[in-house]
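I have placed the structure first, in the form of structure tokens, so that the comments after it can refer back to it.
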Amino acid sequence: MLIAALGFVLVPLLRSRSSDQHRSPKILTDSASNVAIFRAQKAEIEDDFAAALINAEERDHALQELSMRVASEVKGDAASIDLVPSASSAISRGIWVFATLAVIAIPVSSILLYATLGSPQLMSKALAVAGAAPGRGVSPAAAPEATATSPEVTDKQILAMVDSLAEKMQQNPSDPKGWVLLARSQNALGRYADAAKSYERAVALLPNDAQILADYADASAMTQDGRFDGKPLTLIKQALQADPNNMKALALAGTAEMRLGNKAQSLKHWQKLKTLVAKDSDDARELDSIIAEVNGTSEGKPTLPAAQPTPAATSAPAAVAGSVKTTSGSVTIPPELAAKILPGDTLFVFARAVNGPKMPLAIIRVPAPKAWPFAFSLDDSMAMAPGMNLSAFPEVTIEARISKSGGAQPQPGDLVGQSAPFKPGTSNIGVAISRALP
């Protein structure tokens, strides 16, 4: 770019100098001009004598007078006509001086201005992000290295991204994957009514997708304060009809039947779900605990925390993640802080990368449970953006927050806690809610 800029300045400048040298002849000095005039007058005198207009005496007198004038007015060698360079030579020297200064000043000033006002580091960041983008041939494991250098995404930016996605989906309503991504994002932000509408659009395009039907049922239940009667239960049955082994649908069905007081039906779903997970795994042990609690309940009065299974926080996400292991654990809270929880408060449990974007990688949002500890399970199916998977980052932390406002942004008075860093796929993670935000 500097070479091009110099070319625009120097080429016309030096070209005009070259053409001036060819066009501008040398000019006569004052003395040379006088000599030429006197020669012309001498020629006229000789012509007059030849034409007999004057005699020899008159000719000699005129020539003598002319010689005296030449001697007094012409300096130097009057026999020659001196030629000197024109003023263009001095101008050309000025052009070369200007050209030399331009060659030095333009690059130096440009580099200094860019170093002061520009942002050269953005090029490397842009290349890193572009290289980590989906479809660029970079493995997901490389994504953290690129996103780690990116500016942190604030909660307001997350909300703006979700709103922007909603606008794009209005322009392209025939994209079912877009509706699912929008619905999951809205659900993670606690916008259950909006999430239910987005899932409805996705189901209209993919009516036999059991996972989308189960997610739709989950969001619909949250719009009813965790109750499954009506549309949520209908959607769960549709999901199981489309895929009897869908793990989230089975977990939701077991929870719904348990809340409706149908102990036998609830056990049937939980027991079938257990056959789909690996033996001696954390998921299997968690299901054993749930089955034991259902067996120990009186009809219609489960002792299991009512909000716990609602977001399929048991082993259901494992079905979605496929071969990716879930990250699971429990949230605890001391009695003095638990006493501050009021009806209508909301529990957020989410994973963040230790060295990466601020945006949550996976999130659960449920009404604040009445019984503790609260068991959770997170996996890649809960990602809020493409490529922002939990399994793509080497280290994450789990944060828990009791929100008084129910919103995604922390507010004074919210109760918070955070785990130590660990690798995704770790089980038995403990997150202790330990303080209130000032």
Side-chain angles (χ1 to χ4, degrees), residues 187 192 195-196 199-200 203 207-277 279 281-320 326 328 330 347 364-377 379 381-382:
N187 193 68
Y192 299 122
Y199 277 127
E200 185 177 10
V203 167
N208 296 318
D209 190 306
Q211 186 59 47
I212 298 177
L213 287 166
D215 292 338
Y216 185 12
D218 192 1
S220 296
M222 293 304 294
T223 63
Q224 301 179 174
D225 297 324
R227 291 181 290 103
F228 285 89
D229 53 300
K231 190 168 188 175
L233 188 57
T234 300
L235 291 169
I236 291 170
K237 291 179 179 179
Q238 291 178 7
L240 290 175
Q241 185 176 1
D243 180 9
N245 293 327
N246 183 275
M247 299 177 75
K248 181 169 185 176
L250 286 169
L252 292 174
T255 303
E257 296 293 353
M258 182 173 58
R259 293 187 183 179
L260 294 173
N262 301 325
K263 178 179 175 180
Q265 284 296 109
S266 177
L267 283 172
K268 178 181 176 182
H269 294 305
W270 290 118
Q271 289 168 347
K272 182 171 184 179
L273 183 57
K274 184 182 175 182
T275 65
L276 301 176
V277 302
K279 294 181 179 180
S281 65
D282 293 330
D283 291 334
R285 286 189 287 274
E286 192 171 358
L287 284 170
D288 284 336
S289 175
I290 293 174
I291 291 172
E293 290 190 58
V294 173
N295 275 324
T297 62
S298 57
E299 194 74 16
K301 295 182 179 179
T303 59
L304 192 68
Q308 184 169 336
T310 301
T314 58
S315 58
V320 185
T326 60
S328 60
S330 59
L347 171 64
I364 294 172
R365 182 186 190 277
V366 296
K370 297 179 180 179
W372 299 88
F374 173 83
F376 66 86
S377 184
D379 69 17
S381 70
M382 302 175 180

_To the closest 0.5 Å, what do you measure between CG (D243) and CD (Q211)?_
9.0 Å

*Specify the closest pair of heavy atoms between A214 and A239, including all atoms of both residues, with the distance to one decimal.*
N-CB, 4.0 Å

_Within the structure provided, determine whether L213 and Q241 are in side-chain contact (heavy-atom separation under 4.5 Å)._
no

*Would you indicate whether the side-chain heavy atoms of L240 and L250 approach each other to under 4.5 Å?*
yes

_Taking NZ in K272 as the centre, count heavy atoms belonging to other residues, nucleotides or ligands within less than 6.0 Å. Is the count above 12?_
yes

_Atom of F374, atom of P369 and distance for their closest heavy-atom approach_ = CD1-CG, 4.0 Å

_Testing the basics here: between M222 and P367, what is the closest heavy-atom pair and its distance to 0.1 Å?_
CE-CD, 3.3 Å

_Would you compute the distance between atom CD1 of I236 and atom NZ of K248 and round it to the nearest 0.5 angstrom?_
10.0 Å

_Would the distance check show the side chain of S266 and the main-chain N or O of N262 forming a donor-acceptor pair, the cut-off being under 3.5 Å?_
no

*With rounding to the nearest 0.5 Å, note down the distance linking CG in D215 to OH in Y199.*
4.0 Å

_Intermediate values then yes/no, side-chain contact (heavy atoms from CB on, under 4.5 Å), D209 and V203_ = CA-CA 7 Å; D209 190 306; V203 167; over 6 Å; no

_Sub-4.5 Å side-chain heavy-atom contact between T255 and F228_ = yes

*Beyond-backbone contact of M247 with V277, side-chain heavy atoms, under 4.5 angstrom*: yes

*asked:* So, using side chain to side chain contact (heavy atoms under 4.5 Å, CB included) as the criterion, who are the partners of K231 when residues are at least two apart?
replied: E200, Y216, L235

*asked:* Which heavy atom of Y192 sits nearest to which heavy atom of V366, and what is that distance?
replied: OH-N, 4.1 Å

